Amino acid sequence: MENHKKLKIEASILNADYLNLGDEIKKAICAGVDFIHLDIMDGNFVPEITFGQSMIKHIKRHSDIPIHAHLMIKNTDEQLQSYIKTGADLIIIHAESCRQIYRCLQLIKNSGIKAGLALNPATPISYIENILDLLDYILIMTVEPGFGGQLFIESMLFKIKNAIDIIKQYSKQAGKIISCDIGVDGGINEQTIKKVVAAGANIIILGTALYNSNEPAKLVSYIRKTAETRLIV
Ligand code: DX5
Ligand code: ZN
């Protein structure tokens, strides 16, 4: 079952030029992306450290498109409140670094912010089964988190399809439409876009592909066109 939602594109700045971050963010916005994706990495949950709460606040002030904060941090339960205060438009927590997932998602929602759950490649998609009412966004990691520029893990295509089936099943049982976005993160580019959209993803994160491109606007419009043709089935 395809996901007929319009494709949305997030620019991950993980591999951008941090000494020219303002220009790098402007470049992504001019290229036509829908969101800025900030990879918060604490050097514990993932090996490297990037940036934290204050960076989100600064970028939020200067960006006229929504900010998605992808929390790759060890102690989500303890740190979440401080990320809620940053003004991020959507906060994605990792199932693997959160003791009370339901409570943390509730905290995000009750703060008027969209809530997402990220699943590492080996984490079963069944994690979403009982919490779909709280989820605006399921982020299926298509690489192990922590680095940009990795190779896309093909078997995650089954996981995307399973997510669509679970949402469909739950909607039927609950007698209501669950319109949760399905995002994919890691190794997304001109080659892998067709597969992930055909499998049912409707949000993609572009990091290395975008910042390594000499014509980012051309890349973004190619990606959109490819997605649109894939959805005409
Ligand atoms: C990896 C991050 C991704 C990454 C994007 O842990 O969550 O957002 O920056 O990956 P690439 O560079 O493959 O698009
Ligand atoms: Zn990310």
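Every value quoted in this text rests on a predicted model; they were computed, and no experiment measured them. Basis for what follows: all heavy atoms, side chains included, without hydrogens, waters or symmetry-related copies. Both counts, for ligands and for their atoms, begin at 1 and track the order of listing.
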Query - Shortest protein contact, atom 13 (O) of ligand 1 (heavy atom only) - result: Gly187 N, 2.8 Å
Requested in this report: State, without any angle test, whether Asp17 and Tyr211 hold a side-chain donor-acceptor pair at a distance under 3.5 Å.
Outcome: no
Query raised in the report: Salt-bridged, Glu24 to Lys27, with N to O below 4.0 Å?
Result: yes
Query raised in the report: Where does the angle between the aromatic ring planes of Phe51 and Tyr18 fall among parallel (under 30°), tilted (30 to 60°) and perpendicular (over 60°)?
Result: tilted
Requested in this report: Measure the distance from atom 6 (O) of ligand 1 to every protein heavy atom, then report the residue, atom name and distance (to 0.1 Å) of the closest one.
Outcome: Gly146 N, 2.6 Å
Report summary line: So for Asp185 against ligand 1, with non-hydrogen atoms under 4.0 Å, the contacting part is side chain
Query raised in the report: So, Ser111 side chain and Ile113 main chain: donor-acceptor pair closer than 3.5 Å or not?
Result: no
Query - Per-atom contacts of ligand 1 with Ile205, taking only distances under 4.0 Å to non-hydrogen atoms - result: 8 (O)
Query raised in the report: Relative to the heavy atoms of Gly149, which atoms of ligand 1 are at a distance of less than 4.0 Å?
Result: 11 (P), 12 (O), 13 (O)
Query raised in the report: Does atom NZ of Lys109 have more than 12 heavy-atom neighbours from other groups under 6.0 Å away?
Result: yes
Query raised in the report: For ligand 1, which atoms sit closer than 4.0 Å to a heavy atom of Pro145?
Result: 6 (O)
Query - Minimum non-hydrogen distance to atom 10 (O) of ligand 1, winning option of Gly186, Gly183, Ala16 - result: Gly186
**Report entry** Contacts of the Zn ion (ligand 2) with protein N/O/S atoms, counting only those under 2.8 Å
**Finding:** His37 NE2, Asp39 OD1, His70 ND1, Asp185 OD2
Report summary line: Taken in chain and number order and not counting sequence neighbours, the residues that satisfy side chain to side chain contact (heavy atoms under 4.5 Å, CB included) with Lys26 are Asp23
Query - Numbered atoms of ligand 1 (with element) below 4.0 Å of Met141, judged on heavy atoms - result: 7 (O)
Report summary line: ligand 1 atoms nearer than 4.0 angstrom to some heavy atom of Leu14 are 9 (O)
Query raised in the report: Which of the numbered atoms in ligand 1 are below 4.0 angstrom from a heavy atom of His70?
Result: 7 (O)
**Report entry** From the candidates Ser12, Gly207, Ala209, Ala11, the one that places a heavy atom nearest atom 4 (C) of ligand 1
**Finding:** Ser12
Requested in this report: Fit a plane to each ring of His94 and Phe45, take the angle between them on a 0 to 90° scale, and name the class: parallel (under 30°), tilted (30 to 60°) or perpendicular (over 60°).
Outcome: tilted
Report summary line: One finds that the ligand 1 atoms under 4.0 Å from a non-hydrogen atom of His37 are 8 (O)
Report summary line: Quick look: Met72 vs ligand 1, heavy-atom contacts under 4.0 Å, and the answer is side chain
Query raised in the report: For the side chain of Glu96 and the backbone of Asn120, is there at least one donor-acceptor N/O pair under 3.5 Å apart?
Result: yes
Report task. Report yes or no: does Asp77 contribute a side-chain atom to a donor-acceptor pair with the main-chain N or O of Arg99 at less than 3.5 Å? Result -> yes
Report task. Return yes if some donor-acceptor pair links the side-chain N/O of Thr86 with the main-chain N/O of Ile56 below 3.5 Å, else return no. Result -> no
Report summary line: Of all protein heavy atoms, the one nearest atom 1 (C) of ligand 1 is Phe147 O, 3.5 Å
Query raised in the report: So, does Thr142 use its side chain to make a donor-acceptor pair with the main chain of Asp185 at under 3.5 Å?
Result: yes
Query raised in the report: Between CD of Gln53 and CG of Leu38, what distance do you get to the nearest 0.5 Å?
Result: 12.0 Å
Query raised in the report: How about Thr192 and Ile204: do any of their side-chain heavy atoms sit closer than 4.5 Å?
Result: no
Report summary line: Residue, atom and distance of the protein heavy atom nearest atom 12 (O) of ligand 1 read Thr208 OG1, 2.5 Å
